[in-house]
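This report concerns only the one structure given below.
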Amino acid sequence: MRKSLILLEFKNISTGFLVFDEITKNFNVSVEISKLLCPGRYMIICSGNQGEIESLRKYIVTLKEQDEYKYISEELVSGVNEDLIKKLNKTIKFSEKVRSLGMLEFSNTIQAIKIADFIEDESPVEILTIKIGVGMCNKGVVLFEGDTSAVKNIVLKVKSLKIKELIMGTNINSPNEDFLSNFHL
């Protein structure tokens, strides 16, 4: 099943809490993630059907018209596979043998989610996790596994898109067991 997502980022925590309360009271959406980000920011990701997510987006746009709320960022992503949503910040347990491991690092979380959705539709690789809100700059990282040619191809394909938020894309062919057992993201 496909859902729509809305990512909300607040430059101050109190506004994030206020909007989070409004979402729980007035919108029929699922809150997938709500968390503090560095430095002093707050993020909420909600999923739901297109109509409900669009209603929430319109509420945010109206709220941003007030000067004190102008620093809210919102981004809508439509048609995301429900299984992909379950992989947001999922802890990874590697199987005994990983053929090839791919990683794409982005300067923001929403681009990581968009590209993970693109990869899911365009490639036979398996998304392992989408880490969002990583580090001081709230990076997004997509980690995926597959055969070596598929992993290399998707890394090259994403690089060829010339996405300004892409920091790095890499693949590790036949990762070592010690590497996998000590891998943390």
Next item on the list: Could you check if a side-chain atom of Y59 sits within less than 4.5 angstrom of a side-chain atom of I23, using non-hydrogen atoms only?
Entry: no
Note to self: Would you compute the distance between atom CG of L161 and atom NZ of K114 and round it to the nearest 0.5 angstrom?
What the structure shows: 12.0 Å
Notebook entry, point to check: Within a strict 4.5 Å, meaning less than it, do heavy atoms of the I119 and K157 side chains meet?
Noted result: no
Margin query: Keeping E52 on the side-chain end and N28 on the backbone end, is there a donor-acceptor pair under 3.5 Å?
Written below: yes
Checklist line | Donor-acceptor contact present, side-chain T129 to main-chain K90, <3.5 Å | finding: yes
Check: Shared ILVMFWY cluster between V77 and V29, side chains joined below 4.5 angstrom?
Finding: no
Notebook entry, point to check: In terms of the angle between their ring planes, are Y42 and F17 parallel, tilted or perpendicular, with boundaries placed at 30° and 60°?
Noted result: perpendicular
Notebook entry, point to check: Rounded to the nearest 0.5 Å, how far does CD of E32 lie from CG of N89?
Noted result: 11.5 Å
Notebook entry, point to check: If you take all heavy atoms of A150 and S123, which pair is closest and at what distance?
Noted result: O-OG, 4.3 Å
Next item on the list: Answer yes or no: is there a side-chain heavy-atom contact under 4.5 Å between L5 and D117?
Entry: no
Item checked: Residue list, salt bridge (charged side-chain N to carboxylate O under 4.0 Å, His left out) with D67, at least two apart or on another chain -> K70
Notebook entry, point to check: Out of curiosity, E165 CD to T109 OG1, how far, rounded to the nearest 0.5 Å?
Noted result: 10.5 Å
Next item on the list: Report the distance from atom CD1 of I44 to atom NZ of K35, rounding to the nearest 0.5 Å.
Entry: 13.0 Å
Note to self: In the structure I gave you, are the side-chain heavy atoms of Q50 and S78 within less than 4.5 Å of one another anywhere?
What the structure shows: yes
Margin query: Is any side-chain heavy atom of V125 closer than 4.5 Å to one of N153?
Written below: no
Next item on the list: Apply side chain to side chain contact (heavy atoms under 4.5 Å, CB included) to L104 and F144, showing your working.
Entry: CA-CA 9 Å; L104 296 164; F144 51 97; 3.8 Å; yes
Next item on the list: For residues Y71 and N12, determine if any side-chain heavy atom of one lies less than 4.5 Å from a side-chain heavy atom of the other.
Entry: no
Notebook entry, point to check: Taking it one step at a time, do S47 and V80 satisfy side chain to side chain contact (heavy atoms under 4.5 Å, CB included)?
Noted result: CA-CA 9 Å; S47 68; V80 175; over 6 Å; no
Check: Taking all atoms of both residues into account, what is the closest heavy-atom pair of G79 and S4, and its distance?
Finding: N-OG, 4.1 Å
Check: Is it the case that one hydrophobic cluster holds both L84 and I6, taking links as side-chain heavy atoms less than 4.5 Å apart, direct or via other members?
Finding: no
Checklist line | Student check: side-chain heavy atoms of E126 and K87 closer than 4.5 Å | finding: yes
Margin query: Keeping K64 on the side-chain end and I72 on the backbone end, is there a donor-acceptor pair under 3.5 Å?
Written below: yes
Next item on the list: Show the numbers, then the answer: is there a side chain to side chain contact (heavy atoms under 4.5 Å, CB included) between I127 and D83?
Entry: CA-CA 10 Å; I127 303 287; D83 291 336; over 6 Å; no
Note to self: Could you measure the distance from the CD1 atom of I115 to the CD1 atom of I110? Nearest 0.5 Å is fine.
What the structure shows: 11.0 Å
Next item on the list: State yes or no: do V98 and F179 share one hydrophobic cluster built from I, L, V, M, F, W and Y residues joined by side-chain heavy-atom distances below 4.5 Å, directly or via other members?
Entry: yes
Note to self: Show the nearest heavy-atom pair for residues C46 and V31, with the distance to one decimal.
What the structure shows: SG-CG2, 4.1 Å
Check: At their closest point, which heavy atom of D147 faces which heavy atom of S149, and how far apart are they?
Finding: OD1-OG, 3.0 Å
Next item on the list: Go through the steps to decide whether F10 and L18 satisfy the test side chain to side chain contact (heavy atoms under 4.5 Å, CB included), and finish with yes or no.
Entry: CA-CA 11 Å; F10 307 89; L18 173 81; over 6 Å; no
Note to self: More than 12 heavy atoms of other residues, nucleotides or ligands under 6.0 Å from CD of E122: yes or no?
What the structure shows: yes
Item checked: More than 12 heavy atoms of other groups within 6.0 Å of K152 NZ -> no
Margin query: Quick check on the hydrophobic clustering: are L37 and Y69 connected, directly or via other members, by side-chain heavy-atom contacts under 4.5 Å?
Written below: no
Note to self: Counting C-beta onward and ignoring hydrogens, is there a side-chain heavy-atom pair between R41 and L36 closer than 4.5 Å?
What the structure shows: no
Item checked: Sole candidate of K131, K139, K159 that passes salt bridge (charged side-chain N to carboxylate O under 4.0 Å, His left out) when paired with E105 -> K139
Checklist line | Atom pair CG/CG of L156 and N171 - distance to nearest 0.5 Å | finding: 8.0 Å
Item checked: In one Ile/Leu/Val/Met/Phe/Trp/Tyr side-chain cluster, 4.5 Å: L63, I53 -> yes
